[in-house]
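In what follows, a single structure is set out as structure tokens and then discussed.
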Amino acid sequence: MAPRTSSWPVWSGILSTDKNIKSADDWIEARRKEDGADKLWRIHDGLYDLEEWIHKHPGGPQWLEITKGTDITELFESHHINGKAATAVMHKFYVRQAESPRKSPFTFKTDGFYSVLKSRVAKKLSYVDSKSYHVKSMLVVDIYYLLALAMCVVVTQTQNFFLAPIGGTFLALGTVASHNFTHLKDNWRMYYVQLVLLSVREWRISHVLSHHIYTNTVQDLEMSLLYPFIHWFPTTDKPITVRLFPYLTPIIYPFIIPGQLVIRTFKFNNDKADLLMFVIPAILMFCGQMTIISVIIAWLIIVLTSSFMFTFIGFSASHHFPDNFHDGDYVNDEYIDWGIHQCKTSVERNEPINNIFVTIATFGDHTLHHLFPALDHSLIPLLKETFEDTCKEFDLDITPKSCTAIMHGQFKQLSRITPNNPKNIGTNI
């Protein structure tokens, strides 16, 4: 499981690194116990009662329903590029100051990297018609899922199991693409991920609230949930199978997403959206002449293939290059700027093809996506020049690496047990 010690003392020994954290709901409950929000919503050191705002929230009610009783500082800052407008609304719901200091070490100083970058991005986007760009990402994700479902029809019509992995691959690419919509305001396309057995609600907790906010730290649920099969932290307690045979870890990839379904089923955390997982077996059953046994076999092949592909793409995207920060590595004072932390936990990928059909389905432009997760992915390329200029101004090295280097890097990180020192890995801070 995740180490009890952290690069930041404030996170050493806290509840959310406890071995009892086995699911997204366990993690969010731990946050409610630790964050000092007193059943309200905490932003910086202020407590707010957003109960009457839940169903008026422009991003949809689910975000506020899930986060009640927690510290949402990082979420608030990164999801509201126009900070003045959001802050003006928040003043109406202010209750009092929190009684305890924040558990998170991250800051958003006005002259810091992230605040400066965000103000420049806000200005850049004020001249952009975002709706016209949003149509592009909608088209991409719809096409991938149509291809996946069409391939399911072909499988059942031909009764050829060898075509099922192709359907699973399209489903995985569509799921990566639809991940974009799970970050946005509540919308029906976010439920695409349910077809591959993921849960929108659980994904929003484990990925958006945990991984995106506390990337590569002990608070990042995606770092610890797969222990002992996957262990990313540079610690000496790595299981020998991970440390000595990292290239064998993909063996578990096909079972990761189905495993999450099993866990939430046994914890009785299923909801009505889980019924969408039966869309594919229904197509296999009613669009051809396959037997029930054949339908189950084809469905398993599609699901296991999509889980493998989705996991492989995710682990190879950006975060687990050995030079990236992983909790347990040494930090200095500059790391507490939340934006700098995001840059230090991601490596820029040298995109072989600059096309939205590729980037949105392979977690491309990943650092910028982490910095501005609530932006539709189609808008991210517009920010690259601003991002690069601001990084240069703050002396941040964002030299891109090749896709193959990053892909192999994840296995080197699995073997790494020695903490990195920023001065020894070629950074400028």
Can you tell if the side chain of [X] reaches within under 4.5 Å of the side chain of [Y], non-hydrogen atoms only?
X: Arg31; Y: Leu209; result: no
X: Arg416; Y: Asp329; result: yes
X: Trp338; Y: Thr73; result: no
X: His212; Y: Gln342; result: no
X: Pro105; Y: Trp11; result: yes
X: Leu371; Y: Ser78; result: no
X: Trp63; Y: Val208; result: yes
X: Ile356; Y: Ser378; result: yes

Would you call [X] and [Y] a salt bridge, using N to O less than 4.0 angstrom?
X: Lys344; Y: Glu334; answer: no
X: Arg120; Y: Asp389; answer: no
X: Lys136; Y: Asp376; answer: no
X: Lys92; Y: Glu52; answer: no

Here the gap from Ile213 atom CD1 to Leu221 atom CG, rounded to the nearest 0.5 Å, amounts to 13.5 Å
Rounded to the nearest 0.5 Å, what separation is found between the CD1 atom of Ile256 and the CG atom of Leu304? 11.5 Å
Tell me every residue that passes side-chain contact (heavy atoms from CB on, under 4.5 Å) with Ile398, counting only those two or more places apart in sequence or in another chain.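 If we apply the side-chain contact (heavy atoms from CB on, under 4.5 Å) test to Ile398, skipping adjacent residues, the hits are Glu348, Phe387, Glu388, Cys391.
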Under 3.5 Å, side chain of Asp365 to main-chain N/O of Leu368, donor-acceptor pair present?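 Between the backbone of Leu368 and the side chain of Asp365 there is no qualifying donor-acceptor contact (under 3.5 Å).
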Between Arg349 (side chain) and Ile406 (backbone), is there a donor-acceptor pair under 3.5 Å? no
Taking atom CZ of Phe266 as the centre, does the number of heavy atoms from other residues, nucleotides or ligands within less than 6.0 Å exceed 12? no
Give me each pair satisfying salt bridge (Lys or Arg N to Asp or Glu O under 4.0 Å) with a member in residues 189-208, each pair once, sequence neighbours excluded.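 For residues 189-208, and leaving out neighbouring residues, the salt bridge (Lys or Arg N to Asp or Glu O under 4.0 Å) pairs sorted by first residue read Asp25-Arg201, Asp142-Arg189, Asp186-Arg204, Glu202-Arg264.
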